[in-house]
Amino acid sequence: MDYEEFLKNCLAGNIDKVRAALESGQDCTGPPEGTETAEFDGRTPLMAAASGGNKELVTLLLEHGAPWNATDKKGRCAGDYAVEAGHQEVVDLLVSFGCQAELMLGLLEKRQLQQASETGNAEYLKQKLTFDTDKVLDEQGDAVMMEWERPLMEAHAEFICSQGGDILNVGFGMGLIDEAIQRRSETTRNITSHTIIEAHPDVFAKMISDGWDKKPGVTVLYGRWQEVLPQLSSYDGIFFDTYGEHYYDLSEFQSHLPRILKRGGVYSFFNGLSPDNEFFHGVACEIVRLELRSLGMESQFLPLPAEAARGDSVWRGTAARTTFRWRTLRTRPPRPTTPRERHERRPDR
Ligand SMILES: C[S@@+](CC[C@H](N)C(=O)[O-])C[C@H]1O[C@@H](n2cnc3c(N)ncnc32)[C@H](O)[C@@H]1O
């Protein structure tokens with residue numbers, strides 16, 4: 001069957017014809033050589049089937065090796081096609097398949113991921129940083145942290161300080177969340193301690209010259225969180241937001257939460273996972289939810305405002321821009337809908 005016809009059958013949900021073609025050797029992994037013309041949009045059989053909404057056919061293609069995460073020329077994956085066509089069952093199926101595939105890959109490639117991550121973070125920590133009033137830039141001109149994120153940091157601070165007590169922030173950056181924690185500490189008076197971990201020498205030097213180590217209740221721990229971990233006690237609120245690290249590191253940090261997060265404590269992190277594609281972002285959120293659940297924590301994903309990131313002016317002077325363009329992606333509750341989220345360790349654990 002030629003590729004166009006195969007796509008049409010996938011879209012129309014003609015499962016018998018598609019099965020017969022697959023059994024006679026039809027390739028469903030992507031567009032064959034020669035279809036890369038300017039007019040062709042890069043659609044794969046799985047994308048066509050996802051648009052058509054036949055769940056059984058989508059399963060059949062996945063079983064025959066159709067990649068769940070291939071993208072077309074506009075960067076859209078099969079999940080995006082299913083979302084757009086409103087086929088919720090297919091969305092759920094692809095989210096679930098994507099999670100399993102990524103979790104399996106994470107296990108198989110753990111060693112390589114760990115090495116790549118350590119190298120990337122070590123390289124970042126050697127760079128000279130530039131401090132502007134509204135951003136901190138690395139040597140490539142990429143933004144380590146930006147002022148437009150202040151409302152997001154306020155929201156995270158509100159959440160991690162909601163129990164009062166001992167608060168831990170990993171990654172100082174511009175100190176936006178730490179300022180918000182301090183403000184709460186002054187007004188509510190129920191924050192006992194505020195610990196900050198920071199690994200970059202330039203950021204640490206600025207923290208010291210700005211007097212952060214002298215603020216009442218504040219302890220600054222200099223070093224990578226990976227090295228500082230053994231010194232940590234346990235906390236009522238924890239926030240994680242580093243730079244030059246990967247999902248591997250976030251996942252690794254989270255695996256220590258059962259020790260460093262008190263019963264009834266709350267945890268939140270900067271969620272820049274797959275920021276350019278809402279479906280991949282949704283899958284990443286679901287993976288986080290599953291991982292945290294395996295540690296005994298329930299997650300809640302809340303929408304936070306990221307409109308400020310959409311204006312051109314905020315990115316002026318930076319080398320790269322992150323798109324941050326999510327719509328609401330419905331999966332089974334709790335729903336991954338946001339660029340930032342929060343997680344709660346239930347008291348009954
Ligand atoms: C995005 S900024 C944090 C912004 C901060 N949330 C705020 O409100 O301004 C990330 C910070 O994490 C620090 N960092 C990077 N890798 C780290 C690591 N392994 N351990 C501790 N801090 C790290 C960076 O130097 C940087 O200061």
Side-chain angles (χ1 to χ4, degrees), residues 113-140 142-161 167-184 194-210 212 218-232 237-254 256 260 267-273 275 304 306 308-309 314 318 320 322 324 339-342:
L113 289 172
Q114 184 181 11
Q115 258 161 7
S117 190
E118 275 170 16
T119 314
N121 196 232
E123 274 166 16
Y124 157 70
L125 292 174
K126 278 190 255 157
Q127 294 190 19
K128 186 102 207 83
L129 302 184
T130 307
F131 294 84
D132 285 348
T133 46
D134 62 349
K135 53 189 166 304
V136 178
L137 301 176
D138 67 12
E139 280 177 4
Q140 287 76 47
D142 286 325
V144 175
M145 186 62 189
M146 300 179 85
E147 176 64 32
W148 70 260
E149 300 179 69
R150 191 180 285 278
L152 303 177
M153 293 299 141
E154 286 288 340
H156 283 296
E158 175 86 29
F159 178 64
I160 61 162
C161 294
I167 308 297
L168 171 68
N169 174 40
V170 185
F172 182 79
M174 291 172 69
L176 302 185
I177 196 162
D178 294 294
E179 285 174 19
I181 295 166
Q182 280 296 298
R183 227 174 300 118
R184 275 165 186 77
H194 174 183
T195 303
I196 308 167
I197 304 176
E198 174 54 48
H200 198 291
D202 296 355
V203 178
F204 176 68
K206 186 159 188 328
M207 289 176 80
I208 300 303
S209 81
D210 290 347
W212 274 92
V218 171
T219 303
V220 179
L221 299 175
Y222 177 44
R224 297 180 73 219
W225 62 263
Q226 294 86 339
E227 291 146 9
V228 169
L229 258 173
Q231 298 174 41
L232 299 180
I238 298 180
F239 182 63
F240 183 89
D241 179 13
T242 62
Y243 183 80
E245 295 201 303
H246 297 111
Y247 180 75
Y248 169 83
D249 303 283
L250 176 71
S251 172
E252 181 62 22
F253 178 79
Q254 288 173 172
H256 296 277
I260 62 172
Y267 160 69
S268 187
F269 70 96
F270 173 85
N271 186 348
L273 301 170
L304 291 178
V314 292
T318 69
T322 309
F324 289 108
R340 309 287 165 116
E341 74 271 357
R342 54 206 220 167

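No hydrogens, no waters, no symmetry mates; every other heavy atom, side chains included, goes into these values. Along the sequence shown, the residues carry numbers beginning at 1. We count ligands from 1, going down the list as the structure has it; atoms in each ligand are counted the same way.
When only interatomic distances are considered, the shortest N/O to N/O separation between V170 and ligand 1 does not fall below 3.5 Å. Polar contact check, I177 against ligand 1: a nitrogen or oxygen pair lies under 3.5 Å apart. Remark: ligand 1 and N169 share no N or O pair separated by less than 3.5 Å (distance only, no angle test). Between V144 and ligand 1, a contact under 3.5 Å exists for no N or O pair.
The shortest contact between atom 3 (C) of ligand 1 and any protein heavy atom is with D241 O, 3.4 Å. Nearest protein heavy-atom neighbour of atom 18 (C) of ligand 1: W225 CD1, 3.6 Å. Protein heavy atom in closest approach to atom 27 (O) of ligand 1: E198 OE1, 2.7 Å. Protein heavy atom closest to atom 22 (N) of ligand 1, with residue, atom name and distance, is A199 N, 3.4 Å. Scanning all protein heavy atoms for the shortest distance to atom 15 (C) of ligand 1 gives Y243 O, 3.2 Å.
Contact annotation for R224 and ligand 1: heavy atoms of both the backbone and the side chain come within less than 4.0 Å of the ligand. Of the heavy atoms in Q226, only side-chain atoms (C-beta onward) come closer than 4.0 Å to ligand 1. Contacts between F172 and ligand 1 below 4.0 angstrom, taking non-hydrogen atoms only, involve the backbone exclusively. If you look at V203 next to ligand 1, the close heavy atoms, those under 4.0 Å, all belong to the side chain. At a 4.0 Å heavy-atom cut-off, ligand 1 touches N121 through the side chain alone.
H194 and W212 have perpendicular rings, their planes meeting at more than 60° on a 0 to 90° scale where under 30° would count as parallel. Taking the six-membered ring where tryptophan is involved, the planes of F239 and H156 are tilted, since the angle between them lies from 30° to 60°.
Heavy atoms of Y124 come nearer than 4.0 angstrom to ligand 1 in at least one pair. A heavy-atom separation below 4.0 Å is found between G175 and ligand 1. Ligand 1 is never approached by H156 to a heavy-atom distance shorter than 4.0 Å.
A donor-acceptor pair under 3.5 Å is formed between the side chain of H200 and the backbone N or O of D202.
Minimum interatomic distance between Y243 and A143 (heavy atoms only, all atoms of both residues): CE1-O, 3.4 Å. Shortest non-hydrogen contact noted between G173 and E198 is N-OE1, 3.7 Å.
Side-chain contact check for Y267 versus L168: every heavy-atom pair is 4.5 Å or farther apart. In this structure, L129 and L137 have side chains that are not in contact, with every pair of non-hydrogen atoms separated by 4.5 Å or more. Side-chain contact check for F204 versus F172: every heavy-atom pair is 4.5 Å or farther apart. Counting only heavy atoms from C-beta outward, the side chains of I177 and D241 never approach each other to under 4.5 Å. Between W225 and E245, some side-chain heavy-atom pair lies under the 4.5 Å cut-off. Within the 4.5 Å cutoff, the side chain of E147 has no heavy atoms near those of the K135 side chain.
No close placement of the F270 and F240 rings is indicated, their centers lying 6.0 Å or farther apart.
Across the listed options E179, E154, M145, M153, M145 owns the non-hydrogen atom lying nearest to atom 4 (C) of ligand 1.
Atom numbering of ligand 1 starts at 1 in the shown order; those under 4.0 Å from a heavy atom of M174 are 9 (O).
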